[in-house]
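Everything below concerns the one structure shown next.
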Amino acid sequence: MKCKDVSPLLIEYQENSLRPEERGVVEKHLRQCDVCRKEFKEIERLYQLLAKERVPSPEESFWTNFLPEVRARIEEKKKTRGLFFPRPRLVVGVLTVLTVAIVTVFMFTSDQRSLVELRSEQMEEVTLSAPELSSTTEELAEILSAGGEVSLSILLANGEERQLDLIEGILEEDYLSQLSLNSVLSELDTEELKKLEESIKALHIGEIL
Amino acid sequence: MKDERDSSLIQEFKQGDEKAFNQLVLRYQKRVYDLTYRLVRNHEDAADLSQEVFVRAYSNLRKFEERSSFYVWLTRIAVNLCINFSKRERFRSFLSIFDISQKPEVSVSPEEDVEKEELRRALDRAVKSLPERQRATFVLKRYQELPYREIAQIMEISEGAAKANYFQAVKKLQKLLGQYR
């Protein structure tokens, strides 16, 4: 037997789970081959290391309270929404994650299209000057949430770091809290949705969503 | 393999005996906690998730047809919950720019053996670095000592895939923990 055939068997050899005939072949090979013997020693040491680890025992009170707490959770669910309804926290969590992902993708896509742009085709583009931007975030949030009065892409294109920070703050604090996911998604056409999906996948978050 | 006592408790529960469910919790609470701890690697989350496993089991037990053993069924619930939890944790780390708080590292008490603590942390990091499904397969095989056939049932993959997942996990841990041998 060659090294490439023996190597995949070494873990099972360590675990004593090989058939006797395979075990014999591996033992014979190990007596003759330094490379595989070294590899086997490494596997052995890993198993010794793993064997040292113990799950810390929780306090006795944890076990005493375990069943009552499970029962309390069951009763709570029965009372609030029945056991077979989706958990609101989960739904809110998923919506939050989706919304944040969408905004993140929008902030970093090459054409920097704004949500405001998508909300209104009739909008009038207005460029805000730095002094105007330095006003309170609430004012700008109002402009954004009114829709159709300012192009975020223009702000981003002309924006300095301070302006971008300001916009990011608004997106996080105000804009996100006022947007419903449906309203955002309903404004996207097929191509934009596809692009969004690709961008999210590229960020390695697609599997979570 | 099915456990007769489990089957009898499940039947009693299905006939309306709530206390039968309590017996099932008491029978498996430690094993389920051990599993969730190995998967998420801290007490707080393991405690929460292990209790949630039984809440989910309660919701679905009337539909359970005993095509697998109760423990395998319970393990499937636990593994799915822990995989989803770990994915959310990973995503939260990704979103740390949005100032989502991270769990602080557990501090080492003076009397704790520094070497052991260092090893524990190294193991934490190494096991957590495994992809979720690989990690679950590793824990089910190494610590729960389940055969590949049952692991495959739990993970809804083939036995071959379960074996491959386990081997890849061992190889990766071998690489990551080389310096601690």
Side-chain angles (χ1 to χ4, degrees), chain A residues 7-12 14-15 17 39 41-59 62-78 82-85 87 90 93-94 96-97 100-101 103-104 168 171-172 176 203-205 207-209, chain B residues 18 21-23 25-26 29-30 32-35 37-38 41 43 46-48 50-60 84 87-88 90-92 94-95 97-99 116 119-120 122-124 126-127 132 138 141-143 147-148 163-164 166-167 170-171 173-178 180-181:
Chain A
S7 180
L9 300 175
L10 292 177
I11 291 170
E12 288 175 282
Q14 158 65 29
E15 294 185 344
S17 55
E39 192 184 340
K41 285 280 172 203
E42 282 178 4
I43 293 171
E44 243 183 348
R45 284 195 214 103
L46 173 69
Y47 274 73
Q48 285 164 2
L49 196 68
L50 294 171
K52 285 183 195 168
E53 198 203 16
R54 296 275 178 274
V55 171
S57 303
E59 290 178 2
F62 172 72
W63 296 119
T64 317
N65 295 330
F66 193 94
L67 178 59
E69 285 184 23
V70 169
R71 277 289 173 191
R73 284 188 188 201
I74 290 169
E75 292 311 312
E76 184 63 25
K77 288 202 173 185
K78 275 183 183 172
L83 283 168
F84 302 101
F85 286 90
R87 292 181 302 165
L90 183 66
V94 168
T96 307
V97 162
V100 170
V103 172
T104 308
E168 191 180 38
L171 285 169
E172 281 183 43
L176 278 180
L203 289 168
H204 302 292
I205 56 177
E207 59 184 309
I208 299 161
L209 303 176
Chain B
E18 286 283 319
F21 182 77
N22 294 353
Q23 289 303 310
V25 175
L26 293 172
Q29 59 184 17
K30 289 193 176 172
V32 168
Y33 172 81
D34 189 89
L35 171 62
Y37 183 92
R38 296 276 188 194
R41 306 192 69 82
H43 168 72
D48 180 50
S50 53
Q51 289 177 354
E52 190 60 26
V53 169
F54 288 103
V55 176
R56 300 283 173 99
Y58 182 91
S59 308
N60 293 291
N84 288 337
K87 283 181 176 175
R88 286 199 301 277
R90 202 150 47 92
F91 190 61
R92 281 192 191 111
F94 168 75
L95 290 180
I97 52 165
F98 292 96
D99 203 24
K116 270 188 186 168
L119 174 63
R120 187 190 64 77
L123 274 166
D124 275 355
V127 174
E132 282 83 8
F138 173 76
K141 180 79 180 86
R142 180 76 190 96
Y143 297 110
Y148 287 118
K163 213 168 180 176
Y166 179 69
F167 285 8
V170 170
K171 287 288 174 196
L173 291 176
Q174 199 180 325
K175 198 172 163 189
L176 291 168
L177 295 167
Y180 291 95
R181 286 167 208 157

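All chains are named by letter (A, B, ...) in the order of the sequence lines, taking the proteins before the strands, and each is independently numbered beginning at 1.
Atom-to-atom distance recorded for B:Y58:OH and A:E75:CD is 6.5 Å, nearest 0.5 angstrom. Here CD of A:E12 is found 10.5 Å from CD1 of A:I43. Values are rounded to the nearest 0.5 Å.
For the set B:V53, B:V127, B:N22, the count of heavy-atom pairs under 4.5 angstrom toward chain A peaks at B:N22.
When heavy atoms are compared at a cutoff of 4.5 Å, B:K30 approaches chain A by way of both its backbone and its side chain. Residue B:V170 touches chain A through both its backbone and its side chain, counting heavy-atom pairs closer than 4.5 Å. For a residue to count as touching a neighbouring chain, one of its non-hydrogen atoms must lie under 4.5 Å from one of that chain's; by this rule B:A47 touches chain A with backbone and side chain alike. If you measure heavy-atom distances from B:Y37 to chain A, the contacts under 4.5 Å come from the side chain alone. Residue A:E39 touches chain B through both its backbone and its side chain, counting heavy-atom pairs closer than 4.5 Å. With a 4.5 angstrom heavy-atom cutoff, A:Q48 does not touch chain B via any of its atoms.
Among residues two or more places apart in sequence or in another chain, the side-chain hydrogen bond (donor to acceptor under 3.5 Å, both in side chains) test is passed with B:Y148 by none. Applying the ring pair (Phe, Tyr, Trp, His ring centres under 6.0 Å) criterion to A:F62, with sequence neighbours excluded, gives A:F66, B:Y33, B:H43.
The neighbour count for A:E59 CD, taken as heavy atoms of other residues, nucleotides or ligands under 6.0 Å away, does not exceed 12.
A 4.5 Å side-chain heavy-atom check between B:F138 and B:R38 finds every atom pair outside the cut-off.
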